[in-house]
Enquirer: 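Below is one structure. I have some questions about it.
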Amino acid sequence: MKAHDEIVRGLRDAAHKIGVSSLPEFKYETPRDPSHGDGATNLALVIAKGLGKPPRAVAEDLVRALTLPQGIVKKIEIAGPGFINFFLAEDQLAAVLATVHALGERFGRGDTGRGAKVNVEFVSANPTGPLHVGHGRGAALGDAIAALLDWTGYGVTREFYVNDAGTQIDKLARSLWARVQQAVGRAAEVPDGGYHGEYLVELAERILAREGRAFADLPEPEGLRRCRTIGVQSQRAEQEEDLREFGVRFDVIFFESQLYQERLIEQTLADLAQRGHTYERDGALWLRSTAFGDDKDRVLRKSDGSYTYLLPDIAYHRHKRARGFAKAIDIWGADHHGYVARVQAAMLALGYPDDFFHAEIVQLVRVMRGGEEVRFSKRTGEFVTLRDLLQETGVDAARFFFLMRRADSQFVFDVDLAKSQTEENPVFYVQMAHARMSGIFRVAARDPASLPPAPVDGSVLTQPEELDLLKELAAFPGVVARAAETLEPHRITGYLEGLARIAHAWYHKYRVLGEPEERERLALAAAVRRVLANGLGLLGITAPERM
RNA sequence: GCGCCCGUAGCUCAGGUGGAUAGAGCAGCAGCCUUCUAAGCUGUUGGUCGGAGGUUCGAAUCCUCCCGGGCGCACCA
C-alpha cells in the first residue's frame with residue numbers, strides 16, 4: 001500500500017525525466033504469476049509509441065531514471081515485451097501485520113464513497129406469497145452490495161418496496177376469499193392468474209378459526225376488503241420472518257400506497273409534463289422515453305384513466321432522489337431486465353444524472369438435490385421457498401453460495417454440497433480456516449486481539465506460505481474496494497477461499513506454539529483470523545471459533 | 001423477428017475498461033496422520049476460451065457475422 005504509492009509516484013517522475021510530457025493511463029498491479037514480482041507495470045509499453053522507441057529500451061530508461069526510498073524494493077526486472085517487475089523487500093510485506101492489528105475490524109474499510117448517500121433496494125417481493133430461492137439470492141446480493149458500499153465509505157440505506165396497491169393484491173384478495181368459501185364447503189375457485197398455493201388454504205382456516213365462520217358470510221365486497229388487508233399483513237409478516245432468519249435487515253420499508261397518499265403520482269406526472277416529455281395519443285398519456293434511449297414510448301396513464309405500473313415506479317424513484325440519494329441501486333430478477341431501459345429513460349427525462357439509477361440484474365436460481373433439479377415446494381406449490389432452503393442448509397451456507405457466483409450467471413444451488421461438512425464445501429472450508437487460527441489462541445490461552453502489536457521482525461517470516469499470506473492479507477482492502485466499485489460480492493467469496501487455502505497449507509506445514517518463530521507466527525495467525533472474520537462478517541456469515 | 005444476459009478443463013465457475021506460458025475448486029490419478037482440528041495437506045492428469053472473420057506490437061477480453069442456451073419484448077405487474 002505504502003510501497004505501492006511510492007512506486008507509482010516514482011514511475012510518474014521517471015516518465016517525466018525521460019521526456020514524457022502528458023502521461024497516459026498505465027497500470028501498476030500485482031501480477032498473476034509470482035515470478036513476475038510483487039508489482040508490475042506496463043508503463044513502458046504504453047509510452048513507447050509516443051517516444052518512438054522499442055518498449056524494452058524505454059523500460060531500461062525508466063528503470064535508470066527511477067528513484068525510490070531505501071528499503072522498499074529488493075529487485076527490479078524488465079521482462080517480456082517491456083514490463084517492469086518490482087520485488088518488494090521482505091520486511092515491507094510484514095508491515096501489513098501491524099496495520100491489521102491496529103485497524104482490527106476496520107481493516108479493509110475505505111473512504112472512496114466520502115459519505116455519499118446510496119439507496120440499495122432489494123427483494124421487494126410482492127406481499128402475495130412466500131419468498132422463494134430467487135428472492136434469497138437477491139437478498140444475499142443486495143445485503144452484500146450494501147455492506148460493500150458501507151465498507152467503502154458510502155452512507156447506505158437498505159430499502160424494501162412493497163407493491164401493496166396493484167392488481168396483484170386484488171388477485172391475492174380474490175384467491176384468499178375463494179379459499180375461505182371453500183373452507184366452509186362452498187363451491188368457489190381461485191381465479192385465473194390468482195395464487196393457488198397451499199399457504200392460502202392454511203391462512204383461510206386460520207382466519208375462520210379466529211374470526212368465526214360468520215366471516216365467510218360477509219358480503220363479498222366487505223369480505224374481499226378484509227381478505228386484502230389480512231392477506232397483505234400476513235404475507236408481509238411471513239416475509240419479514242424469513243428475512244430476519246436470513247439475517248437481512250432493512251432501514252426502510254416503503255409502501256406503494258404511500259405514493260398515492262402523498263399525491264406523488266400526480267406530482268410526477270406534472271413534473272414530466274412540465275419538462276415536455278409526455279404527450280397524449282389514443283386517449284392515453286405517454287412518456288417520450290425513446291428520447292432517452294428506450295425502444296419505444298411507454299404509456300403512463302391508460303385510456304381508461306388508470307395508471308400503468310411504470311408510473312408509480314417512476315414516482316418512487318423520484319421520491320428516492322428527493323430524499324437526497326446520490327445513487328439508487330435496484331436489485332432485480334432477470335425477468336425484469338426488459339424494464340431497465342424505460343426506468344432509466346424516465347430518470348433522464350426527470351433530469352437526473354445518468355449514474356443515479358442502476359439496476360443490478362440477478363439471474364435465476366436452480367436448486368439441485370441428489371443430482372436432480374428441485375422445482376417446487378410441496379407446501380406452497382410454488383418455487384422452492386427460502387425458508388425450506390434455510391432449514392436445510394443453514395444461513396451461512398445459503399449466503400455464501402448465493403454470493404459465490406456473479407449475479408449475471410445462472411447458477412445451480414447444490415443443496416447436498418452446501419450441507420456437507422468437508423473441504424469440498426467452500427463455506428465450511430473458509431470457516432474451518434478461521435476456526436483453526438482461533439484454535440491456536442485457545443490452546444495458547446491468549447486473546448488474539450490483545451497480542452502485542454508490531455514490531456514484528458519481518459525477517460523471521462520467510463517461508464513461502466508465510467510470504468504468500470502476507471501478500472494476500474495486504475490485498476484485502478483493494479479487493480473490497482474493487483468489489484464495491486463493480487458491485488460484485490463474489491470477489492470477496494473468491495478472495496476468502498484463496499486466503500483460507502494458503503492458511504490451511506501454512507497451518508498444516510508449520511507449528512506456531514513452542515517454535516522459535518512463535519511471536520511472529522502468532523501475529524500472522526491473528527491477522528489471518530482477523531481478515532477471514534472481516535470478510536465473512538462483511539457478507540453476513542459467521543466466523544466460528546471452533547467447529 | 002427484435003432486445004438484453006450467457007457460452008472458458010469431465011462438472012461448478014473465476015479471469016472480461018487488451019498485456020507476459022488461460023486460472024481455481026470439485027471429480028480422476030498418486031501420496032501424507034507421534035503435531036495448535038486429517039472437518040486437513042502435497043503432487044499430478046485435463047482446455048482449438050462456442051465458431052468464423054476483423055482491429056492491435058499483443059485478443060478469453062474490443063468490433064462484425066453465425067451457432068447454442070436463458071430471459072424479456074402489453075394501454076400486465
Side-chain angles (χ1 to χ4, degrees), chain A residues 25 27 29 31-33 35-36 40-42 45-46 48-49 54-55 79-83 85 126 128 163 165-171 193 256 281-286 294-296 298-310 312-313 333-341 361-364 366 368 401 404-414 417 420-426 428-429 431-433 435-444 465 486 488 490-491 493-495 497-498 500-501 503-515 518 521-522 525 546-547:
Chain A
E25 287 230 353
K27 284 182 181 171
E29 57 191 8
R32 235 197 303 255
D33 183 343
S35 74
H36 295 145
T41 183
N42 65 346
L45 284 80
V46 174
K49 193 174 272 181
F83 291 97
N85 298 334
N126 286 342
T128 52
N163 293 116
T167 57
Q168 295 309 312
I169 303 302
D170 294 335
K171 286 180 183 164
E256 183 185 2
R281 193 180 76 201
D282 306 332
L285 186 73
W286 297 69
D294 197 6
D295 305 359
K296 52 179 96 164
R298 306 292 173 176
V299 172
L300 297 174
R301 191 183 57 220
K302 300 181 236 176
S303 51
D304 69 2
S306 65
Y307 299 131
T308 61
Y309 180 76
L310 179 61
D313 230 25
D335 53 342
H336 285 77
H337 84 259
Y339 204 69
V340 175
I361 299 301
V362 190
Q363 291 294 331
L364 307 181
R366 292 196 299 152
M368 299 288 283
F401 271 59
M404 275 194 305
R405 309 298 178 215
R406 301 167 54 106
D408 60 10
S409 75
Q410 303 161 26
F411 116 101
V412 177
F413 195 118
D414 184 337
L417 180 60
S420 86
Q421 306 262 303
T422 67
E423 51 156 331
E424 297 158 38
N425 181 350
F428 187 81
Y429 187 83
Q431 289 183 320
M432 186 65 202
R436 281 184 145 173
M437 296 301 122
S438 302
I440 298 173
F441 293 93
R442 188 167 56 246
V443 170
E465 291 83 356
T486 56
E488 293 179 336
H490 78 270
R491 293 173 186 275
T493 53
Y495 170 83
E497 286 184 69
R501 179 149 298 106
H504 279 302
W506 175 73
Y507 177 91
H508 178 77
K509 198 162 166 185
Y510 308 103
R511 281 191 60 81
V512 174
L513 302 178
E515 299 294 307
E518 178 177 305
R521 286 186 175 163
L522 274 174
R546 61 198 313 167
M547 304 189 71

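In what follows, chains are A, B, ... by sequence order, proteins preceding strands, each numbered from 1. Just so we're clear, the structure is a prediction, and the values are computed from it rather than from any experiment. These numbers come from the heavy atoms of this one structure, side chains and all, not from hydrogens, waters or symmetry mates.
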Enquirer: What does A:K296 touch in the nucleic acid at a heavy-atom separation under 4.0 angstrom: a base, only the sugar-phosphate, or nothing?
Expert: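 Answer is sugar-phosphate: A:K296 comes under 4.0 Å of backbone atoms only.
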
Enquirer: Can you tell me how far C1' of B:C41 sits from NE2 of A:H508, to the nearest Å?
Expert: 4 Å

Enquirer: What is the nucleic acid contact for A:Y429, judged by heavy atoms within less than 4.0 Å: base, sugar-phosphate only, or nothing?
Expert: sugar-phosphate

Enquirer: Could you check whether A:G439 gets within reach of a base, just the sugar-phosphate, or nothing at all, counting any heavy atom under 4.0 Å?
Expert: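 Sugar-phosphate, no base atom in range.
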
Enquirer: What does B:C2 pair with, Watson-Crick or G-U, if both distances are under 3.5 Å?
Expert: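 Here B:C2 is engaged in a pair, and the nucleotide opposite it is B:G72.
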
Enquirer: Look through every strand shown and name the nucleotide pairing with B:A20 as Watson-Crick or G-U wobble, where both distances are under 3.5 Å.
Expert: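 No nucleotide pairs with B:A20.
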
Enquirer: For A:R546, report the nucleic acid contact type (base, sugar-phosphate, nothing); a contact means any heavy atom under 4.0 Å.
Expert: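 Base, at least one base atom sits under 4.0 Å.
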
Enquirer: What's A:V512 touching, base or sugar-phosphate or nothing? Going by heavy atoms closer than 4.0 Å.
Expert: base

Enquirer: Under 3.5 Å, is there a donor-acceptor pair linking the side chains of A:E465 and A:Y510?
Expert: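 Yes, side-chain donor-acceptor contact under 3.5 Å.
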
Enquirer: Under 4.0 angstrom, heavy atoms only, what part of the nucleic acid is A:D282 near: base, sugar-phosphate, or nothing?
Expert: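 Base contact.
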
Enquirer: So with a 6.0 Å cut-off around CZ of A:R442, is the heavy-atom count from everything else above 12?
Expert: yes

Enquirer: State the CG-CD distance between A:D335 and A:Q363, to the nearest 0.5 angstrom.
Expert: 9.5 Å

Enquirer: Closest to the A:A284 side chain: B:C75, B:A77, B:A38?
Expert: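 Of B:C75, B:A77, B:A38, B:C75 is nearest to the side chain of A:A284.
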
Enquirer: Would you mind telling me which residue lines up with the more 5' stretch of RNA chain B, A:E256 or A:F441, judged by nearest nucleotide?
Expert: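 Upstream on the strand: A:F441.
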
Enquirer: Syn versus anti for B:C62, judged by chi lying within 90° of 0?
Expert: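 Anti, which is what one calls it when the glycosidic angle falls more than 90° from 0.
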
Enquirer: Under 3.5 Å between N/O atoms: give me all the protein pairs with nucleotides 67-71 of chain B, atom names plus distance.
Expert:
from: B:G69; atom 1: N2; to: A:Q410; atom 2: NE2; distance (Å): 3.4
from: B:C71; atom 1: O2'; to: A:A334; atom 2: O; distance (Å): 3.0
from: B:C71; atom 1: O2; to: A:H337; atom 2: NE2; distance (Å): 3.4

Enquirer: Could you give the CZ-to-P distance, from A:R442 to B:C36, as a whole number of Å?
Expert: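 So the CZ-P distance, A:R442 to B:C36, works out to 12 Å.
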
Enquirer: Write down the distance between CD (A:E497) and P (B:A14), rounded to a whole number of angstrom.
Expert: 12 Å

Enquirer: Over how many whole Å does the gap from A:D295 atom CG to B:A74 atom C1' extend?
Expert: 14 Å

Enquirer: So which nucleotide does B:C29 pair with, by the Watson-Crick or G-U wobble rule with both distances under 3.5 Å?
Expert: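 Checking every strand shown, B:C29 finds its partner in B:G43, with both distances under 3.5 Å.
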
Enquirer: Under 4.0 Å between any heavy atoms, over every strand shown, what does A:S303 touch: base, sugar-phosphate, or nothing? Just pick one.
Expert: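 It contacts base atoms.
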
Enquirer: So what does A:R406 hit on the nucleic acid, given a heavy-atom distance under 4.0 Å: a base, only sugar-phosphate, or nothing?
Expert: base

Enquirer: Please name the nucleotide paired to B:A52 by Watson-Crick or G-U wobble geometry with both distances under 3.5 Å, or report none.
Expert: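 B:A52 is paired, partner B:U64.
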
Enquirer: Mind calculating the distance between CG (A:L45) and P (B:C57) to the nearest angstrom?
Expert: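 Nearest whole value for this atom pair: 12 Å.
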
Enquirer: Describe the nucleic acid contact of A:A505 in one word from base, sugar-phosphate, nothing, applying a heavy-atom distance below 4.0 Å.
Expert: sugar-phosphate

Enquirer: Hey, are A:S306 and A:D304 close enough side-chain-wise for a donor-acceptor pair under 3.5 Å?
Expert: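 Their side chains do contain a donor-acceptor pair, which is all the 3.5 Å distance test asks for.
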
Enquirer: Contact class for A:D294 vs. all strands (heavy atom < 4.0 Å): base, sugar-phosphate, or nothing?
Expert: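 Contact class for A:D294: none.
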
Enquirer: Remember a base hit wins even if backbone is also touched, and classify A:R511 as base, sugar-phosphate or nothing at under 4.0 Å, heavy atoms.
Expert: base

Enquirer: In whole angstroms, how far is the P atom of B:C6 from the CG atom of A:D408?
Expert: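 Rounded to the whole Å, the gap is 5 Å.
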
Enquirer: Would you mind pulling out the nucleotide paired to B:A38, Watson-Crick or G-U wobble, both distances under 3.5 Å?
Expert: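 Its partner: none found.
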
Enquirer: Check if the side chain of A:S409 and the base of B:C13 share a donor-acceptor pair of N or O atoms closer than 3.5 Å.
Expert: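 No such pair is found, so the answer is no.
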
Enquirer: Going by centres under 5.5 angstrom and planes under 30 degrees, do the aromatic ring of A:F83 and the base ring of B:A20 stack?
Expert: yes

Enquirer: Do any side-chain nitrogens or oxygens of A:K509 fall under 4.0 Å of OP1 or OP2 in B:A38?
Expert: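 Negative; the distance criterion is not met.
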
Enquirer: In whole angstrom, give the distance that lies between atom CD of A:Q168 and atom C1' of B:A74.
Expert: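 My rounded result for the distance is 14 Å.
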
Enquirer: So, A:H504 side chain and A:Y429 main chain: donor-acceptor pair closer than 3.5 Å or not?
Expert: yes

Enquirer: Give one of base, sugar-phosphate or nothing for A:A40, where a contact means two heavy atoms less than 4.0 Å apart.
Expert: base

